[in-house]
Q: 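What follows is a structure written as structure tokens; I'll ask about it next.
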There are 2 protein chains.
Amino acid sequence: MARKQGSHSDITGPKVRDAALRLIARHGCAAVSMRQIAAEVGVQAGALYNYTPDKQSLLFDLMCTHMDELLAALADAPIYGTAMARLEAFTRFHIRFHLPRRDQVFVSYMELRNLTPENFAKVEALRRQYEDALETILKDGEAEGVFALPDTRVSTLALIALLTGITNWYRANGRLSIAEVEEIYWSLVRKAVVAA
Amino acid sequence: MARKQGSHSDITGPKVRDAALRLIARHGCAAVSMRQIAAEVGVQAGALYNYTPDKQSLLFDLMCTHMDELLAALADAPIYGTAMARLEAFTRFHIRFHLPRRDQVFVSYMELRNLTPENFAKVEALRRQYEDALETILKDGEAEGVFALPDTRVSTLALIALLTGITNWYRANGRLSIAEVEEIYWSLVRKAVVAA
DNA sequence: GTCTATACCTCGATAGAC
DNA sequence: GTCTATCGAGGTATAGAC
């Protein structure tokens with residue numbers, strides 16, 4: 001803690017990212033100025049450039065970090081067993097991971113169009129990895145004969161849209177707990193995919 | 001057609017709205033300048049203010065128009081009969097209406113946060129009307145005993161998210177026609193809600 | 001590492017000529 | 001109805017003192 005005054009690299013860095021995430025989720029990247037982010041952190045605008053070369057890199061960093069954390073958490077999640085068991089585990093994992101991360105989800109979906117083409121391609125590749133994890137489960141379930149799907153790829157995207165849509169209405173202090181939301185959505189997902 | 005040169009009110013007006021819609025859908029409202037919109041239309045920036053008092057009104061107008069058209073089309077759609085028949089008709093209507101309107105859907109969902117509180121409330125009220133149309137169908141189906149849902153309100157929002165998500169991946173020249181997409185999603189929706 | 005100050009640019013919106 | 005010209009504000013990013 002004995003630290004030279006004015007030197008806060010390891011404190012200010014995360015604060016910059018937190019403030020940027022919150023403000024961009026709320027107002028959109030183009031609508032938020034570097035001055036606003038700096039004010040939220042409690043520094044002057046020029047100081048931000050010790051932590052990011054420019055605004056685009058800051059946005060890209062936020063989105064990449066989100067996707068990296070998602071894929072790392074997915075790799076650690078207990079998803080194994082039959083296709084049905086894995087689909088349930090994936091569904092619950094998706095909800096549990098995304099619901100407490102409203103801002104990250106918002107930014108990762110809405111600000112794709114503000115990325116440079118190179119950065120966009122990188123984020124899309126990460127997203128595709130995540131989608132493929134679900135698609136593999138669905139394919140396995142079809143092979144087992146336990147799932148019946150009209151189109152495996154489209155069903156993958158449909159289920160992800162269904163689940164991610166929760167972040168648009170869920171409120172932490174609303175009438176439903178995360179556990180209750182999990183039950184509701186697992187019920188819908190299971191019925192939608194199961195063979196008749 | 002014998003029209004005084006320089007007088008194009010009924011031509012330029014729609015062109016302004018079309019250009020604004022396309023550019024805002026692509027880059028976001030805050031990222032698009034009035035000068036860019038004017039350039040797309042082929043006039044100077046100042047001329048835009050003959051068609052909108054300010055940028056906020058232009059955005060609000062785009063979103064309101066979309067919701068009004070949606071509700072008018074819904075009122076005209078052939079949605080009647082049993083709850084199952086109405087759910088199928090609603091599903092197909094939703095897909096048919098939204099798929100050719102990518103830009104409108106994008107703007108209506110992503111730019112809500114850039115509306116003033118008053119304008120936001122108005123658009124939300126329109127959206128709520130649309131959601132309630134589906135919720136009524138689901139409630140009726142439960143009363144008939146033909147649907148079994150874990151939570152009617154949440155299921156309503158879940159189905160709308162599922163269906164609207166199509167606009168994120170559908171391409172007019174892709175491997176699937178709109179009719180095929182309808183079949184795939186109706187299959188998923190029907191199975192998700194039907195009583196066992 | 002943060003500050004102040006600033007270069008340089010683009011923004012939304014308006015005024016007045018045509 | 002559109003143009004040119006412009007105002008005042010606020011944008012990103014940098015320079016140099018501390």
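Within every chain, numbering begins at 1; the chains are lettered A, B, ... in the order of the sequence lines, protein sequences first and strands thereafter.
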Q: Take atom CG of B:L48 and atom C1' of C:dA15, then tell me their distance rounded to the nearest Å.
A: 16 Å
Q: Can a side chain N or O of B:Q44 be found less than 4.0 Å away from OP1 or OP2 on D:dT4?
A: yes
Q: Roughly how many Å is it from CD1 in B:I37 to P in C:dC11, rounded to a whole number?
A: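 The distance from CD1 of B:I37 to P of C:dC11 comes to 11 Å, rounded to the nearest Å.
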Q: What integer distance in Å separates B:Y51:OH from C:dA13:C1'?
A: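 My rounded result for the distance is 17 Å.
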Q: Do we see a donor-acceptor contact under 3.5 Å between the side chains of A:H98 and A:Y170?
A: no
Q: Nearest to the side chain of B:M34 - C:dT2, D:dG11, C:dG12?
A: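 Ranking C:dT2, D:dG11, C:dG12 by closest atom to the B:M34 side chain puts C:dG12 first.
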Q: CD1 of A:I178 to CZ of A:R92: how many Å apart, nearest 0.5 Å?
A: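 It comes to 12.5 Å.
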Q: With distance as the sole criterion, do the side chain of A:R35 and the base of D:dG11 form a donor-acceptor contact below 3.5 Å?
A: yes
Q: Report yes if some heavy atom in the side chain of B:F106 is under 4.5 Å from a heavy atom in the side chain of B:N168; otherwise report no.
A: yes
Q: Where the side chain of B:D54 is concerned, which of C:dT2, D:dT12, C:dA13 is the nearest nucleotide?
A: C:dA13
Q: Below 4.0 angstrom from OP1 or OP2 of C:dC11, is there any side-chain N or O of B:S33?
A: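 For C:dC11, OP1/OP2 do have a side-chain N/O of B:S33 under 4.0 Å.
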Q: Looking at every heavy atom in both A:E111 and A:L59, which two are closest together, and how far apart are they?
A: CB-CD1, 3.8 Å
Q: Nearest to the A:N50 side chain among D:dT2, D:dA13, C:dG1, which nucleotide is it?
A: C:dG1
Q: D:dT2 phosphate, OP1 or OP2: any side-chain N/O from B:T12 under 4.0 angstrom?
A: yes
Q: Please report the distance, rounded to the nearest Å, between CG in A:L58 and C1' in D:dT12.
A: 13 Å
Q: Give B:V41 one of three labels, base, sugar-phosphate or nothing, depending on what nucleic acid heavy atoms sit under 4.0 Å from its own.
A: nothing
Q: As a test of reading the structure: which of D:dG1, D:dT12, C:dA13 is closest to the side chain of A:Y49, going by heavy atoms?
A: D:dT12
